[in-house]
Participant: 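I have a structure I would like to understand better, so I am pasting it below and will then ask my questions one at a time.
Lettering of chains follows the sequences in order, A, B, ..., and the numbering in each one begins at 1. On a predicted model such as this, the values are computed, not experimentally measured, just so you know. Note that these values count all heavy atoms, side chains included, but never hydrogens, waters or copies made by symmetry.
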Amino acid sequence: MKEGIVESPALGANVAGAMKGFAQEIGALSAFRLESCIHCGICADACHYYIATEDPQYTPIWKVEPFKQAYKRESSAFAPLFRLFGFKREVTADQLAQWQHLLFDSCNMCGRCSLICPMGIDVAALIEQSRHAMFEAGLAPKELYAKAAHQQLTGQPESSVEPYRDQLLAIGVRFGVSMPIDKPQAEVMLCVPRTDIEQYPSGVAALARVMENLGISCTFRSDGLIAENYGYFAGAKEWQRVISLRLIDQAIACGATTLLIPECGHAYTALRWEAADLYGKELPFRVLSVTEFLADELKAGRLKLAKAAGPKVTFQDPCQLVRKGGVTEAPRELLKAMSVELQEMENHGGFSFCCNGGGGVIDIKQAAPLRYRIMEVKMREIDATGAPTLLTTCSDCRRTFDDAQVHFNWDKKPNSLLELVASNLLEAGTGP
Amino acid sequence: MQPLVDNVAVGEMLRLHGISRRGFIKFCTAAASAMALPPWMGPAMAQQLQNAPRPSVIYLSFQECTGCFESFTRSFAPTIESLIFNVISLDYDDTLMAAAGDAAESALAKAMHDNFGKYVLIIDGSVPTGAGGGYCTAGGKSAVDTLRDAAKGAAAIICVGTCSAFGGIPFADPNPTDAWPISAIISDKPIINVSGCPPIPEVITGTLLQYVTTGKVPDLDEHLRPKAFFGTTIHDRCYRRPFYDQGKFAKTFDDEGARNGWCLYELGCKGPTTYNACATTKWNGGTSFPIESGHGCIGCSEPGFWDKGSLYSPLSATDWGKAGESSPRQVLELAAGAIAGGAVLGLASAGSGRLRQYRSEHPLDSEPKDS
Amino acid sequence: MDLLHFARGLGLKIALGVFCLGVTWRIVSFALLRIRREYSRPRESVFKYVLGGLITAGSRSWPHREFIGRTGAGEALGYSYHLGLFAVVLLFTPHILFLRSLFGFAWPGLPSSLITIISVLTLTLFLAVLFRRLTSRVMRLLSNFDDYFSWFITMLVMVTGLAATSHVGGPYETLLALHILSVDVLLIWFPFGKLMHAFYIFPSRAINGALLARKGATS
Amino acid sequence: MECHLSRLTDIGIRIEPPARTGGLGGGVAAVLSELVSMLERVALGGKPATIDLRSLPMSPQDRIELQQTLGRGEVQATLTADGVSTLQETGVSGVWWIEHRDRHGELIAELIEVAAIPQILEVSSDEMIASAQALRERLSISHEAPVKTDHATLS
């Protein structure tokens with residue numbers, strides 16, 4: 001089940017100390033969630049890892065068990081009694097090490113379990129917190145730890161052959177679209193997933209072309225160019241804050257009123273919902289996903305779209321954007337405007353299954369075998385729609401489906417909604 | 001009163017009184033029916049009684065209100081007269097016998113001496129052991145001693161009434177005379193408790209007749225009461241049970257429910273916890289029984305029924321009420337106190353949690369970390 | 001001091017005391033921990049997402065259409081024995097009178113024969129629930145002493161209650177004493193185990209539901 | 001528990017439960033089904049069987065309904081011995097309704113007996129032998145002088 005437990009050189013080698021610290025940090029809300037579980041096991045029926053493997057260890061609430069144990073022992077009402085009579089043992093290092101596989105390799109943080117819990121527990125939020133504890137205990141997977149550390153220092157998860165700023169300008173030239181960068185003043189600040197810069201330049205061009213068409217004053221900022229946040233995946237709360245701070249500072253620097261999140265799921269969660277809390281006060285600008293933004297522009301009549309000819313389409317709802325973020329209608333409005341014939345999957349919208357790559361799992365090598373096994377649940381559902389084209393609005397989903405296409409020699413390839421919109425714009429914009 | 005005829009068989013005695021064979025079968029059938037025995041037992045009893053010797057019976061009364069004896073003499077079937085003259089020879093009964101004073105005492109001594117080991121001792125009333133038995137004496141002799149002497153030669157002791165069976169009113173809190181039921185004093189003799197305050201007449205005579213005809217102690221429940229009469233609860237035999245099952249309850253003694261004869265559970269009826277034959281044998285020759293006449297059963301055949309709270313508070317209600325104070329007020333006070341205590345403990349626990357957070361934050365001087 | 005007198009006298013007082021103390025203690029100790037303010041801009045107005053929370057408190061009582069195939073049976077079983085339990089405890093006339101003697105007010109009840117039927121049904125459902133917990137690999141992994149003891153004590157209360165009303169297994173007063181004693185034990189155990197979910201279920205759904213609705217997320 | 005009694009006379013002594021709407025009452029049906037099995041047993045030569053009505057929790061209305069259901073037969077016997085007993089054959093032949101009363105006329109037993117003829121009416125063989133003996137003596141005496149008999153007379 002687990003090839004090797006990777007000890008990443010995190011803060012404290014002292015696992016129990018990290019756990020104790022974690023348990024004592026728990027606030028009223030998380031404590032209430034840990035208190036409410038009645039061990040009914042229903043959350044397993046929402047999780048694609050359990051559905052595909054029928055392996056009880058993948059029960060979502062089970063992933064939180066050591067932290068529930070630590071909470072009961074350290075800061076619950078009867079903690080002194082638990083300690084005195086030894087009802088709850090201290091969480092040990094090797095016990096926690098077992099949980100790396102459960103909390104990272106087999107959890108996309110997709111939040112589907114939180115919808116099924118009869119007690120209403122937000123299991124996904126507990127898992128997110130548990131990843132913080134794992135990181136504190138030095139048990140984050142090495143790939144995620146490395147990318148988070150690198151991004152915390154340099155602003156990008158890996159070092160790139162060429163600076164992303166130059167690659168961005170090259171894309172502009174290649175696709176013949178203006179790439180506004182480092183403008184001192186702009187209404188909207190843009191950023192892109194580094195995945196798009198390297199693997200899907202057409203996505204970056206599409207973003208620029210749409211903004212150009214809408215004639216909105218916007219700019220990229222080279223010091224806040226990358227949308228992803230590996231601190232979020234690795235559970236490194238402090239690093240997640242530093243990474244988000246870069247984008248926040250840049251947005252403030254250029255006086256933007258809107259920070260536009262590109263087609264990237266977890267970036268939306270990190271910036272739309274968690275950045276302000278880490279920042280400690282309200283952000284002086286609004287944060288919008290590009291899909292959401294375009295739907296508003298469409299409704300406002302500023303965005304004009306042509307009828308997109310072509311075969312039937314099925315849409316993969318990115319979990320972080322749709323289920324956890326609430327951007328459910330926007331993509332469908334855009335598709336309707338282009339009168340694209342949408343063939344919904346059996347589980348779609350807020351209930352869609354995850355693409356299996358989310359939560360940083362796509363980056364964890366040792367998680368790959370299990371991930372491919374779980375992938376079949378999603379692929380079967382996509383094939384069942386009978387629609388030949390797969391569309392999504394998240395680069396990690398796109399990357400995961402591409403990887404699956406190679407692995408399974410699958411007859412479908414993921415396409416970006418933004419690119420579809422960009423290729424069906426009607427009237428040319430009035431120029432920059 | 002001199003014993004009429006010594007050890008003459010019962011059948012012979014009947015013929016002397018001009019009672020025909022069919023008359024005697026009728027008498028036994030009525031007795032069997034009173035004792036809730038299966039109907040075919042009547043003729044069988046008649047057959048067996050023909051040649052059974054008439055046992056001698058001694059009736060001793062201690063600390064009692066003579067209610068049981070009144071009930072005993074009100075027995076309709078078999079009537080007390082037929083019992084005394086035909087089936088048993090009641091050799092001593094200070095209430096019925098004409099003799100008194102020394103004559104009565106000597107009659108008692110003679111009866112005990114002549115039939116030593118064979119007579120049936122019937123007792124009503126509890127035995128006060130307080131003040132050296134001084135609370136109840138007859139002829140200078142305390143009840144306790146009289147009981148002990150009488151018990152020596154008794155073949156069996158039938159305790160009539162809740163007083164002799166379980167101590168009854170004298171035994172109820174505070175029990176000033178330190179009264180005891182018979183079974184607490186005598187343990188070496190077979191005891192049959194015919195509890196009730198008073199017991200149903202037919203139950204007393206029926207039990208006596210059952211002992212006389214079979215010569216054996218009938219099978220008893222754990223309170224030594226004959227299962228023939230005390231086997232089921234009033235509730236199980238009550239004719240108002242359908243109303244209990246349908247949920248139709250009288251709320252007050254003269255509301256529409258009471259007039260329609262609905263179940264009296266809400267008015268404190270103790271039927272469900274009381275084992276007796278009132279619902280079938282009924283009282284006053286089958287006329288009716290407390291519930292049929294509109295009042296709940298007060299559970300008079302159960303031990304300590306005087307101390308089980310108000311006769312009118314429902315069986316399932318708790319009655320914490322200290323004098324004059326209602327239970328709900330006490331529940332409120334108890335809950336308030338407990339909640340306050342819980343809150344203090346909760347504050348302590350949450351407080352120490354926050355204190356730890358404060359201490360762990362400040363040395364690092366980083367942003368407040370919590371979730 | 002016979003058993004029944006203790007069970008519903010001092011025993012019940014102790015039980016109610018420990019119950020109130022324990023429940024308050026447990027709730028206060030987590031409720032007064034630090035409550036983090038949400039600084040992100042909500043997608044909906046305060047009124048709307050609080051309403052969203054209340055809706056979730058109700059809607060989560062039954063699985064969403066997408067889940068019903070897998071969890072419908074389990075939840076149906078769970079909720080039905082709860083309904084049976086509430087019907088017996090709150091609508092059986094002797095219980096109503098017991099509660100009236102404690103709290104001073106009463107309400108109409110169901111016919112007793114109907115309650116007997118319901119209680120037998122609830123008992124069987126309760127056995128089915130244990131069977132499910134023992135045979136499902138997920139539940140067996142999750143279950144600890146608390147799950148089994150909480151089940152056991154509730155079962156004991158039901159069994160002794162049914163035995164008491166049907167005069168089976170001994171004189172009525174001993175059975176009633178055992179029934180009330182098991183209720184006392186249940187009340188004492190209540191704050192320390194999963195039975196606390198009776199207090200948690202609706203606030204938990206409402207709070208989590210509201211937080212999800214604040215983001216406009218699915219809940 | 002306050003109990004405000006308006007007037008004692010208001011409390012009905014006899015409870016008249018509401019008239020039953022058709023169909024037999026539970027108690028009556030039970031007795032009748034018992035009688036069916038008894039009749040079949042006795043018909044096949046079984047010992048006569050009896051039901052003691054006093055031990056059944058029957059409301060007054062049940063009793064009346066049972067009497068009406070069984071009806072009245074042709075034979076009615078009265079037995080005067082230590083009080084009067086009436087043995088009424090019901091409309092269902094082989095089923096007898098027996099009421100024993102004592103000297104004061106109080107009802108001391110009420111039974112339903114399933115038999116060709118109620119047992120109490122039968123005369124045992126040794127009694128017949130004794131009465132035959134008594135008659136023979138009477139015959140022989142009648143030749144001489146009349147003698148007063150002190151034997152219990154059969155009424």
Participant: Is C:Leu12 close to chain B through its backbone or its side chain, or both, or neither, when contacts mean heavy atoms under 4.5 Å?
Facilitator: both
Participant: Assess the pair C:Phe30 and C:Tyr200: is the distance between their ring centroids shorter than 6.0 Å?
Facilitator: yes
Participant: Say whether, by atom type as modelled, one donor and one acceptor occur between the side chain of B:Asp245 and the main chain of C:Ser112 under 3.5 angstrom.
Facilitator: no
Participant: Backbone N or O of B:Gly271 within a donor-acceptor pair of the B:His235 side chain at under 3.5 Å?
Facilitator: no
Participant: Heavy-atom cut-off 4.5 Å, strictly under: side chain, backbone, both or neither for C:Phe92 against chain B?
Facilitator: side chain
Participant: Suppose we call two aromatic rings close when their centres sit under 6.0 Å apart. Are B:Phe171 and B:Trp306 close by that rule?
Facilitator: no
Participant: Looking at B:Ala343, B:Ser352, B:Gly304, which has the largest count of heavy-atom pairs under 4.5 Å with chain C?
Facilitator: B:Ala343
Participant: Between C:Leu33, C:Val23, C:Leu114, who has the most heavy-atom pairs with chain B when the cutoff is under 4.5 Å?
Facilitator: C:Leu33
Participant: Identify which of C:Leu102, C:Val28, C:Ile180 forms the greatest number of heavy-atom pairs closer than 4.5 Å to chain B.
Facilitator: C:Leu102
Participant: Walk me through whether B:Ser349 and C:Arg26 qualify under side-chain hydrogen bond (donor to acceptor under 3.5 Å, both in side chains).
Facilitator: CA-CA 9 Å; B:Ser349 161; C:Arg26 184 161 177 184; over 6 Å; no
Participant: Side chain, backbone, both or neither: which part of B:Asp221 has a heavy atom under 4.5 Å from chain C?
Facilitator: neither
Participant: Please flag which part of B:Leu332 lies under 4.5 Å from any non-hydrogen atom of chain C: side chain, backbone, both or neither.
Facilitator: neither
Participant: Under 3.5 Å, side chain of B:Thr162 to main-chain N/O of B:Gly196, donor-acceptor pair present?
Facilitator: yes
Participant: Taking the six-membered ring for Trp, are B:Tyr265 and B:Phe243 closer than 6.0 Å centroid to centroid?
Facilitator: no
Participant: Among B:Gly346, B:Ala335, B:Gly337, B:Ala340, which residue forms the greatest number of heavy-atom pairs with chain C at distances under 4.5 Å?
Facilitator: B:Gly346
Participant: What about B:Phe253 and B:His295, are their ring centers closer than 6.0 Å?
Facilitator: yes
Participant: Side chain, backbone, both or neither: which part of B:Thr232 has a non-hydrogen atom closer than 4.5 Å to chain C?
Facilitator: neither
Participant: Is it the backbone or the side chain of B:Lys308 that comes under 4.5 Å from a heavy atom of chain C, or both, or neither?
Facilitator: side chain
Participant: Where on B:Leu334 is there a heavy atom nearer than 4.5 Å to chain C: the side chain, the backbone, both, or neither?
Facilitator: side chain
